[in-house]
Colleague: 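First the structure, which I've put down as structure tokens, then a few questions once you've had a look.
Order of the sequence lines fixes the chain letters, A, B, ..., with proteins taken first and strands second; residue numbering starts at 1 for each chain.
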Number of protein chains: 2
Amino acid sequence: MTSRQLSLNAFVYPAGHHEAAWRHPSSGADRIFDVTYYQEIARTAEAGKLDAVFFADGPALQGDVAFNAVGRLEPITLLTAIATATERIGLIATASTTYYEPYNLARLFGSLDHISRGRAGWNVVTTGNDSAAANFGLAAHPSHAQRYARAAEFVDAVTALWDSWEDDAVLLDRSTGRYADRSKIHEIGFAGEHLRVRGPFNQPRPPQGRPVLVQAGASNDGRAFAARHAEAIFTAHQRLADAQAFYSDIRQHAARLGRRPDLVRILPGISPFIAGTETAARDLQREFDGLTVPEYGLRQLERLTGEPAGRLGHLDLDQPVPPDLFADAGDVTDNSRSRLQVVAGIVERERPTVRGLLHRLAGARGHRVVAGTPEQIADTVEEWFTSGAADGFNVMPPSYPTGLEVFVENVVPILRSRGLFREEYTGTTLREHFGLPRPANRFTGVPRAVAGG
Amino acid sequence: MTSRQLSLNAFVYPAGHHEAAWRHPSSGADRIFDVTYYQEIARTAEAGKLDAVFFADGPALQGDVAFNAVGRLEPITLLTAIATATERIGLIATASTTYYEPYNLARLFGSLDHISRGRAGWNVVTTGNDSAAANFGLAAHPSHAQRYARAAEFVDAVTALWDSWEDDAVLLDRSTGRYADRSKIHEIGFAGEHLRVRGPFNQPRPPQGRPVLVQAGASNDGRAFAARHAEAIFTAHQRLADAQAFYSDIRQHAARLGRRPDLVRILPGISPFIAGTETAARDLQREFDGLTVPEYGLRQLERLTGEPAGRLGHLDLDQPVPPDLFADAGDVTDNSRSRLQVVAGIVERERPTVRGLLHRLAGARGHRVVAGTPEQIADTVEEWFTSGAADGFNVMPPSYPTGLEVFVENVVPILRSRGLFREEYTGTTLREHFGLPRPANRFTGVPRAVAGG
């Protein structure tokens, strides 16, 4: 297996990525708080030899629970439970640098990496919705710039904590009574504008050196952050040309920072409706779209465009989207802007009705939705992979668990037969699946270690 | 099984509770970052039908890692991994109200309770060591009073979040598209001096209504907090009379607050050296004591007495403890005072040499150490249980895993034959093991629910 290989993650969303998945009989909406449901999903992904399962997250109830299954288990604990039910698959959790403390989060991910023997990944987010702020005593959500400034310090502090114990710090010399070489366990002495963390860490270095760092922001701050820190980037692009431009931009940016561009895995989202014929696949998509609740979709659109709740209630669902709906798109909170641009682009190109736009957005929250036969899905995966748009994909099945089963059983074998995807795992860690090296420890050779006595 | 029954927890400490456990061949010191080690320990405890496994914690490297295995995995993730390897045993993790945010911690414990189907417990601590402060950007550790004031608000906020979804909030009505009854999902609107949390929570109510609340503080603030909130209390008492006085005090205090005193389980620590004869048990204890490193023990004593590092290095290990060593005991940080009093009491009663005191403290950090045959251990357990000193015990084996195996195989059957301990689990949740009811939801019947739209 010497040729360039795809990375494929299963992006797990409780009932599925389509907004109405919970209503569809193919989804396990009645099991979304049952750990065995997620363990089964992860075993399906592992049977397909996928790189990782990935969970989004936010510390707030987002979206209207009256019409959608928006509650969720906390992903680090959930992935720990998945770790014990699987052997190889990577385990990526989203966690917020705005609403966690570095020492706590370093411990949670460090423990997940120890428990899973090197399969943890951290999707670094600054949290883009303001309902979280009120759950943490803040009157207002910090600004985009403040959040990214804190995020940069946060990642520095957490990765330093993971390096705090050199790999050979533990001596375990029962005869002399020396447990560890204190000169190899380091205070990190991190002192930034937003965060101060002394250390040392209270556990050995994680098996991967550090869990894989993942990032998903598409704003300018997000891109800069990703180019500097991310080892994998989750993106949302509707069109090949946009994805190619992003791919090229990130790799150039990373190279300018002295990083090897091929060590940044760029993984757009893809939400596939799959059936034996293209017509059947489109019918399946229409079946899901037909289950959406317009009241819910309009509220989501209001959030996106910065309108107060109910402001779009007057729109006629069967008339075209008013051309001025996105006129003041520049005034929305900066964290929504990149997604809003994607939506405005759809309206400009496709001139949909309001209902049509709601259906378009219901697919995967702005990610790319495709419908076709397994061969057609494999074709578009291959096209993006071989034309400088992607190193692989974040697979977002419309419904869980069925949508992932269909993908693994029908699309993965085609990709494999084309030599694009592994037959078997060749490594045991997420870093190995992604082809990423284990990082050197920044403290190795630092002469004066200051350890907690 | 109608008679009053003991509660027995396995208090899991990586290599064991004796300070030198990691050097003893009976300990698994080489496996303390291996999840299967803890899963095996939990299965041993479950085979003995114990109530729970319990993990201490603190967000800092505490104690001198040069001479002791003081690193640790984060306990909530670790217990999640244990949950998937067991069926019935309770899972109690320590977590700090000073260094966590309520929304994050409510999610972690709520998820553990969902994942374990109702087996989670939270040992609420305010964190009594000042090395944690520097890991969270604080120049100084908050005062005892400040920490307890925040802790009281923290517990109120977290338990309110767990109540945020009424038990019947989820409708999952696929036909009408109504996922939840929004009038049964509540913002909590918590606004205190230290914390503000709006809610609603982003997951359904935990299976137990709320995880069992445990507390371990023996200071006056700690006792008041325990009498108000705790459903189980972990204590450290050397002598029966002291334990009886504490037991009586807490129950009276709880009764004055309108609580049913029998719904507060009081569980002293006991660290048993067990062998076929009393002599062999004492020899085993001496064997462990002989493995202690005096440099480590003196540093621990310096911390306890508020002396700077090295201040006690001049003491002759084989001379009696100087009578003025604890003279200024009243001046140490208030969080150490109750433990210091225990140590001063030992010195006053037993007049040990310095080495003798270090051995005494090496046993279980101030908890009661006993050595004897299985019958003798069972006798003292029964005596404390039947004389108003304890509702059960936090069992603290000198070494893991061996010490727990010996206890489960040899002492538990005697307690069972005396009708003091269960033959089989009669429930599936930790609340049921402890004989505690599932709490009512504070929001049930609250007419105006404000849900996240």
Colleague: Is Ala309(A) close to chain B through its backbone or its side chain, or both, or neither, when contacts mean heavy atoms under 4.5 Å?
Modeller: neither
Colleague: Which label fits Tyr103(A) and Phe136(B): parallel for a plane angle under 30°, tilted from 30 to 60°, or perpendicular past 60°?
Modeller: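 Tyr103(A) vs Phe136(B) ring planes: tilted.
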Colleague: Identify the heavy atoms of Gly177(B) and Val293(A) that sit nearest to each other, and give their distance.
Modeller: O-CG2, 4.0 Å
Colleague: Report which part of Phe201(A) has an atom under 4.5 Å of a heavy atom belonging to chain B: side chain, backbone, both, or neither.
Modeller: backbone
Colleague: Can you name the salt bridge (charged side-chain N to carboxylate O under 4.0 Å, His left out) partners of Arg117(A), sequence neighbours left out?
Modeller: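 With neighbours one apart ignored, the set is Asp34(B).
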Colleague: Relative to chain B, which of Ile76(A), Asp57(A), Asp30(A), Leu112(A) shows the most heavy atom pairs under 4.5 Å?
Modeller: Asp57(A)
Colleague: Give, as side chain, backbone, both or neither, the part of Thr176(A) having an atom under 4.5 angstrom from any heavy atom of chain B.
Modeller: backbone
Colleague: Tell me, side chain or backbone of Ser175(A) under 4.5 Å from chain B's heavy atoms, or both, or neither?
Modeller: backbone
Colleague: To the nearest 0.5 Å, what is the distance between CZ on Arg72(A) and CZ on Arg107(B)?
Modeller: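 Between atom CZ of Arg72(A) and atom CZ of Arg107(B) there are 7.5 Å.
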Colleague: Who wins among Tyr100(A), Tyr38(A), Phe190(A) for the most heavy-atom pairs under 4.5 Å with chain B?
Modeller: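 Ranked by contacts with chain B, first place is Tyr100(A).
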Colleague: Based on non-hydrogen pairs under 4.5 Å, which of Leu161(A), Val35(A), Thr292(A) is most in contact with chain B?
Modeller: Val35(A)
Colleague: Report the residues that fulfil ring pair (Phe, Tyr, Trp, His ring centres under 6.0 Å) with His194(B), sequence neighbours left out, ordered by chain and then residue number.
Modeller: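 Checked His194(B) against ring pair (Phe, Tyr, Trp, His ring centres under 6.0 Å); zero matches.
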Colleague: What part of Asp113(A) gets closer than 4.5 Å to chain B, counting heavy atoms only: side chain, backbone, both or neither?
Modeller: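 Contact with chain B: none, neither part.
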Colleague: With side chain to side chain contact (heavy atoms under 4.5 Å, CB included) as the criterion, how do Leu61(B) and Trp165(A) come out once you've worked through the C-alpha distance, each side chain's angles and the decisive distance to 0.1 Å?
Modeller: CA-CA 11 Å; Leu61(B) 188 66; Trp165(A) 295 40; 3.8 Å; yes
Colleague: Could you tell me whether a side-chain N or O of Asn202(A) sits under 3.5 Å from a main-chain N or O of Gly58(B), the two making a donor and an acceptor?
Modeller: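 Between the backbone of Gly58(B) and the side chain of Asn202(A) there is a qualifying donor-acceptor contact (under 3.5 Å).
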Colleague: Charged N to carboxylate O below 4.0 Å: is that the case for Arg182(A) and Asp64(B)?
Modeller: yes
Colleague: Tell me the closest heavy-atom pair linking Thr77(B) and Ser111(A), and the distance in Å.
Modeller: OG1-CB, 3.3 Å
Colleague: Rounded to the nearest 0.5 Å, how far does OG1 of Thr80(B) lie from CD1 of Ile82(A)?
Modeller: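 Here the interatomic distance stands at 11.5 Å.
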Colleague: Measure Ala83(A) against the heavy atoms of chain B and call it side chain, backbone, both or neither at under 4.5 Å.
Modeller: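 No part of Ala83(A) comes within 4.5 Å of chain B.
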Colleague: Output yes when a side-chain donor or acceptor of Arg23(A) lies under 3.5 Å from a complementary backbone atom of Arg174(B), and no otherwise.
Modeller: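 Present.
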Colleague: Sort Asn68(A) into side chain, backbone, both or neither according to what part of it lies under 4.5 angstrom from a heavy atom of chain B.
Modeller: backbone
Colleague: Considering only heavy atoms, which portion of Glu101(A) lies under 4.5 Å from any heavy atom of chain B: side chain, backbone, both, or neither?
Modeller: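 Contact with chain B: side chain only.
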Colleague: Just wondering, do Leu73(A) and Gln203(B) contact through their side chains at under 4.5 Å, heavy atoms?
Modeller: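 Yes - at least one pair of side-chain heavy atoms lies under 4.5 Å apart.
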Colleague: Say whether, by atom type as modelled, one donor and one acceptor occur between the side chain of Asn135(B) and the main chain of Gly199(A) under 3.5 angstrom.
Modeller: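 Checking the backbone N and O of Gly199(A) against the side chain of Asn135(B), a donor-acceptor pair under 3.5 Å is found.
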Colleague: As an exercise, state the distance from OH of Tyr296(A) to OH of Tyr179(B), rounded to the nearest 0.5 Å.
Modeller: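 That separation rounds to 11.5 Å.
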Colleague: Is it the backbone or the side chain of Gln39(A) that comes under 4.5 Å from a heavy atom of chain B, or both, or neither?
Modeller: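 Interface part for Gln39(A): side chain.
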Colleague: Leu108(A) versus chain B, heavy atoms under 4.5 Å apart: side chain, backbone, both or neither?
Modeller: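 The answer is both parts of Leu108(A).
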Colleague: Non-hydrogen atoms of chain B under 4.5 Å away: do they reach the side chain of Leu138(A), the backbone, both or neither?
Modeller: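 Neither part; nothing is under 4.5 Å.
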Colleague: Sub-3.5 Å donor-acceptor pair from the side chain of Asn104(A) to the main-chain atoms of Tyr99(B), do we have one?
Modeller: yes
